[in-house]
Amino acid sequence: MSSYIFINNIEDLEKVKDNYLAGKVCGVDSETTGLDPLMCRLRLLQIAVAGEQTLVIDCFELLPVGKAIIQEILDSFDIKVFQNAKFDIKFLKANGLEIKGQLFDTMLAGQLLRTSGGPRRVALAELANHYLGVALSKEQQRSDFSGKLSEEQLEYGAKDAEILLKLRGVMILELKENKLIEVARVEFACCYAIAHMEYFGIHVDLNMWQKLTKQIEKSKEECLNKLYPYIGYPTVQLGLFEERKISDFNPNSHKQILSLLEAQGIHVDNTSKHALALHSKNPFVKLLLEYRHLEKQLNTFLHTIPNQINPVSKRLHPNYGQNGAFSGRMSCGNPNIQQIPREKEFRACFNGTKGRKLVIADYSQIELRVIAQFANDTRMIQAYKDGEDLHRLTASLVLQKDIQDITKEERQAAKAVNFGLVFGMGAAGLKSYAANTYGTTMTMEEAKLFKKRYFVAYKGVNNWHWHIKKTLPISSRTLAGRKHNYGSDSGMSGRFNTPVQGTAADILKNALGQLYLEIQGTSIIMVAVVHDEIVLECDASEAEQTADLLKRIMEEAGNRYLKDIPVIAEVSISDSWAGK
DNA sequence: TCAGTTCGCGCG
DNA sequence: AAAGCGCGCGAACTGA
């Protein structure tokens, strides 16, 4: 029933071209020989338009020869509809084709609608089934597009593009009905930025990385040698194929560690850093924690990242999940650039290529500012308006001292108080959190007293908590309208946290979308995003302007949502991610 | 034997 | 009773 026209030579494309110009909306899909836009090839490009046969273009034959015509066709539509636009945009870009203007991404729309009656899974087949009652074949994903094309491949390809038009029709109504239009706009605009960022990737200095690896490997060996007296020396067996066999004790096994600790008279529920913090004076525990830290750095980062460098670009291309977290935050993987250790030695390996600089900006206390807005806390709002240091203010309120007498340590402790208590942490939690995260010790009595004084000082936050506790909402919205539903197992802290984290994500995504538009035609590329931080790479000569631009765009995005509180982004120019 | 789960920990 | 939240990843462990 699907009707398409297969184009495999330039003459045919020229002949039909005029039928595909100046429509309002088109559905676009592509088929490729794999997932990596730099290593794999674009095979088919399908363009579906109402009232016309769907164009199915063999890109092996028509690129680059038909590039200008295809670009002209794409440009002539006001709105392009994709399923997972990021993927197609990257492949088109690799082939010199650019998507511009408004786009509608059915996958992103589906993710936003998950909390408003939509299906949990957002693959095209699920969406078509749920919103249109249409059964789509899933064969396409498994088929091979590198050889001769089959009738089925063309037909299914055309169908996927056609269904997008129908899906958009239904999903727009759903988005409107559920008041998700604004957040959808933010997501769609942001999608361009994410595609761009994944396409360009980030540069890693492999020499520096290898040096660091050697150094950490050495430290780990030394640490392990010091551990042997406690865990027993390895039994060495020389065999034909293995040089060495490790003893029966495996320091990576929490199970074995737990029984060893038990034997030493140390009773803990588990072997986590948190549980062991109480015994941090014990020399074995101390060594164990150090060992695990080094092992983590080696296994998770140092030994894996070199294998993920793309052979074509020689750069790292992490994969971002635009709605990876249910809060609306992004996730990241392969590798997860958002969890690279903060140590300077690690971050210094991520740099610009020759003659380039990194421009790094992060929001100052964005979640606390969002809370001030949500809770409408006059004291917090005033503090931010006056440009005061909120951690210092909290220290002075909680310790009942003059603000100028607050020491560095007291400010550090107040940081724990601010971040912990606004999200519903109890006194006991506050105590251990302060110890673990900020190295600040407080007694249980102090923690209780701090908590009490905190909520006296910040009445708005207190009322906000009280209201949520009283009404136990089953759902919440961010300031851009993103919806989150709570399950029966959700507690208070989730209810305090999700809309705040999500609003911070709205703001960041809004900034990314704007930024993408501003950097067209410049030397600037986006290379990393980490929740409240954006990293750009640009020519050294443009670094100053880039820094100004980035700061302005981020702050404008913040102030678009936080009407009563100034939003500040702190920017720096550097050779590497380690900063100045 | 191998896919799925749990633990522990890096980041914000 | 007491509780901050959100991710991804590697190694060990579990279960059939």
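Quick note on labels: first sequence line is chain A, next is B, and so on, each numbered from 1. Just the heavy atoms: all of them, side chains too, but no hydrogens, waters or symmetry mates, feed the values below.
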Checklist outcome for this item: note: A/L288, atom CG; B/dC9, atom C1'; distance rounded to Å ~ 13 Å

Checklist entry - Across the strands shown, which category fits A/H274 at heavy-atom distances under 4.0 angstrom: base, sugar-phosphate, nothing? => result nothing

Next on the checklist: At 4.0 Å (heavy atoms only), tell me whether A/N270 reaches a base, stays on the sugar-phosphate, or touches nothing.
Outcome noted: sugar-phosphate

Checklist entry - Knowing that exactly one of A/L536, A/L515, A/L550 qualifies, which makes a side chain to side chain contact (heavy atoms under 4.5 Å, CB included) with A/I524? => result A/L536

Item to check | Those residues of residues 257-268 of chain A lying under 4.0 Å from DNA chain B by at least one heavy atom | outcome: none

Next on the checklist: If you count heavy atoms of other groups shown closer than 6.0 angstrom to NZ of A/K551, is the number above 12?
Outcome noted: yes

Contacts under 3.5 angstrom, residues 112-119 of chain A side chains, donor-acceptor by atom type, not counting sequence neighbours:
residue, atom, partner, partner atom, Å
A/T115, OG1, A/L112, O, 3.4
A/T115, OG1, A/K483, O, 3.2

Next on the checklist: Please enumerate all residues that pass side-chain contact (heavy atoms from CB on, under 4.5 Å) together with A/A85, with sequence neighbours excluded.
Outcome noted: A/F82, A/I89, A/L103, A/D105, A/C191

Next on the checklist: Restricting to salt bridge (charged side-chain N to carboxylate O under 4.0 Å, His left out), what partner residues turn up for A/D389, sequence neighbours left out?
Outcome noted: A/R392, A/R411

Checklist entry - When every nucleotide of nucleotides 3-16 of chain C is labelled 5' to 3' by its protein contacts under 4.0 Å (heavy atoms), B for base, S for sugar-phosphate only, - for none, what sequence of letters results? => result SBBBSBSSSSSS--

Next on the checklist: Check this one for me: any side-chain N or O of A/R342 less than 4.0 Å away from OP1 or OP2 of B/dG10?
Outcome noted: no

Item to check | Heavy atoms of other groups near A/H303 NE2, more than 12 under 6.0 Å | outcome: yes

Item to check | Involving DNA chain C, stems made of at least three consecutive Watson-Crick or G-U pairs, both distances under 3.5 Å | outcome: B:1-12 with C:5-16

